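The block underneath contains the structure these notes are about, expressed in structure tokens.
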Amino acid sequence: MKITLTNAASFVPTGSLNELAARTAACNALLENGQGAGNDFLGWVHLPSSITPEFLDEVQACADGLRSRCEVVVVAGIGGSYLGARAVNEALASSFDAFQAKDRKNPYVVYAGNNIGEDYLADLMEFLQDKQFGIINISKSGTTTETALAFRLLKTMLEKQVGKTEAQKRIVAVTDRAKGALRSLATQEGYKTFVIPDNVGGRFSVLTPVGLLAIAVAGYDIRALVKGAQDMEKQTAADVAYEENPACQYAAMRNALYQYGKKIEILVNFNPRLHYFSEWWKQLYGESEGKQHKGIFPASVDFTTDLHSMGQWIQDGERSIFETVISIRQANREVRVPMDEENLDGLNFLAGKRVDEVNKMAELGTRLAHIDGGVPNILIEFDKVDEYNIGQFIYFFERGCGISGYMLGVNPFDQPGVEAYKKNMFALLNKPGYEKESAAIQARICK
């Protein structure tokens, strides 16, 4: 991968960027030596290099067991428990994977427990009625409302469909090592289990069984994915100089832009398959940095699609934004524009060109227009969309997030704010133990 800061650096004073660049070394060292805030959740830092071939064999064997029994595998999880796996699977799949039933070799991987939509769950259960399906249930506690609710429905349905003995072979629990409701249930029912490491938070967990199992079930090469992450771990280590360390460069530039009024970062891609990577990235940075009334707001767009909806605002709206553009050097497929004798659409000037060449010129033209419009532009280039490069992508953004959060002066590895809505929801639903909160909320509603 390559990062280019030229079209962002001109928007901040050189001295300010140099000062922040120097600080990245200290912040990166805190990740390495475990002496920073949230140091009990730094297991992801050396996670890629700690993954053994034997562990990957175990994950692959479990995935193969599900693949042999199931047409559909439902991943039940929310936030980091599903976004990473979905990002990878959607990036590697055919754009029309859901419609390719003929001679299909891989199970459909679908997702539940990531919302409380009754219609969604009803649609999913209707879809599964005549399918051989299995479940990967991902929850450290086993009591996360969205996921636990979906799993209860799906487990009941699966046991009715195939019986408890067969269902036991089709359910895998990814959970805490020793405690929690899901761990107790898995032990009681005899489910195959994988452990979510205690020192890896959900949004950093895609390279644990949280992500790897679902990716392997979908038929993708988890060894190549891990190898990409391992190589990026080396490239972004604390002993790598700033000039050679893309994670430090990214962290320094985004914090410099933030200091000079750029409060919104828009992650841009020109490849439709990367849509869910933007969703994964938004959680990673939003949940890590949005604390103490600080933090860059993470947004995303899919170009060129969103140029026809958000392009006007980005070009001419409030100058509180900067863009980080993910550019893929080569497409995996080849389609060329045909010649048309009548040329009624006026496109013969493109005849013989690859569609990706047209897309690349749209990318370059957009970047130039936005820079001219006052939008700083960070460019991050990857060779192609495959398992190895995606592994690099994942670790690069994780490392950059850890460094950037420390530079901002927050603990990047907790999320105290996400509990607020849960307390209100449980009180409104009259969950035992929330009587005092329920009374307070009812008083507010009455007013």
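Worth saying up front: this structure is predicted, and the values here are computed from it rather than measured. Just so you know, residue 1 is the first one in the sequence shown, and it goes up from there.
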Are the side chains of [Y] and [X] in contact, using a 4.5 Å heavy-atom criterion?
X	Y	value
R170	I135	no
F277	L267	no
S278	N269	yes
Q132	V72	no
V206	E398	yes
L257	V12	yes
M1	P246	yes
V74	F151	no

Under 3.5 Å side-chain donor-acceptor pair for [X] and [Y]:
X	Y	answer
E90	H275	no
E233	S49	yes
S404	N255	yes
Q312	D316	yes
N389	D386	yes
Y388	D221	no
D64	Q60	yes

* Please determine if E357 and R336 form a salt bridge, counting it only when a charged side-chain N lies under 4.0 Å from a carboxylate O. => no
* Using a strict 4.0 Å threshold on nitrogen-to-oxygen distance, state whether E287 and R203 make a salt bridge. =>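 The answer is yes: the pair qualifies as a salt bridge.
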* Asked: Among pairs that include at least one residue of residues 210-245, which meet ring pair (Phe, Tyr, Trp, His ring centres under 6.0 Å), considering only residues two or more places apart or in two chains?
  ->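 Every candidate ring pair (Phe, Tyr, Trp, His ring centres under 6.0 Å) pair involving residues 210-245 fails, so no pair, neighbours aside, qualifies.
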* F133/Y108 under ring-ring contact (aromatic ring centres under 6.0 Å, His included): CA gap, chis, key distance, verdict -> CA-CA 9 Å; F133 74 96; Y108 292 107; over 10 Å; no
* Asked: When rounded to the nearest 0.5 angstrom, what distance separates NZ in K155 from NZ in K160?
  ->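 Between K155 NZ and K160 NZ, I get 11.5 Å after rounding to 0.5 Å.
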* Structure fact -> CD (E363) and CG (N271) are apart, to the nearest 0.5 Å, by 10.0 Å
* Proximity of F11 and F322 rings by center, below 6.0 Å -> no
* **Worked verdict on L17 versus L5 for side chain to side chain contact (heavy atoms under 4.5 Å, CB included)** => CA-CA 11 Å; L17 181 59; L5 304 177; 5.5 Å; no
Using atom types as modelled and distance alone, determine if a side-chain donor or acceptor of [X] lies under 3.5 Å from a backbone N or O of [Y].
X	Y	result
K360	V355	no
S205	G202	yes
T175	S139	yes
D306	S309	no
T4	T6	no
K353	V337	no
R354	D356	no

* Asked: Excluding sequence neighbours, so at least two apart, what forms side-chain hydrogen bond (donor to acceptor under 3.5 Å, both in side chains) with R273?
  -> none
* To do: Not counting sequence neighbours, which residues clear side-chain hydrogen bond (donor to acceptor under 3.5 Å, both in side chains) with T366? List them please.
  => none
* With K263 as the cation and Y258 as the aromatic partner, state whether NZ or CZ is under 6.0 Å from the six-membered ring centre and within 45° of the axis. =>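 Positive - K263 is close enough to the ring of Y258 and near enough to its axis.
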* To do: For residues 8-28, pull every pair meeting side-chain hydrogen bond (donor to acceptor under 3.5 Å, both in side chains), keeping only residues two or more places apart or in separate chains.
  =>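 Sorted result for residues 8-28: N28-R399.
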* To do: Give me the ring orientation class for W280 and F393: parallel if the planes are under 30° apart, tilted from 30 to 60°, perpendicular past 60°.
  => tilted
* Fit a plane to each ring of F55 and F194, take the angle between them on a 0 to 90° scale, and name the class: parallel (under 30°), tilted (30 to 60°) or perpendicular (over 60°). => perpendicular
Just wondering, more than 12 heavy atoms not from [X] lying within 6.0 Å of its [atom1]?
X	atom1	answer
Q292	CD	yes
R329	CZ	yes
E318	CD	no

Can I get a per-line list of side-chain donor-acceptor pairs under 3.5 Å for residues 109-119, giving both atom names and the distance, sequence neighbours left out?
{"from": "Y111", "atom 1": "OH", "to": "N89", "atom 2": "ND2", "distance (Å)": "3.3"}
{"from": "N114", "atom 1": "ND2", "to": "Y82", "atom 2": "OH", "distance (Å)": "3.3"}
{"from": "N115", "atom 1": "OD1", "to": "G117", "atom 2": "N", "distance (Å)": "2.9"}

* Structure fact -> F204 meets the ring pair (Phe, Tyr, Trp, His ring centres under 6.0 Å) criterion, sequence neighbours left out, with W44, F413
* To do: Mind listing the closest non-hydrogen atom pair of R319 and K262 along with its distance?
  =>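 The pair with the smallest heavy-atom distance is O-NZ, 2.9 Å.
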* To do: Give the minimum heavy-atom separation between T144 and I78, together with the two atoms involved.
  =>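 Reported closest heavy-atom pair: CG2-CG2, 3.9 Å.
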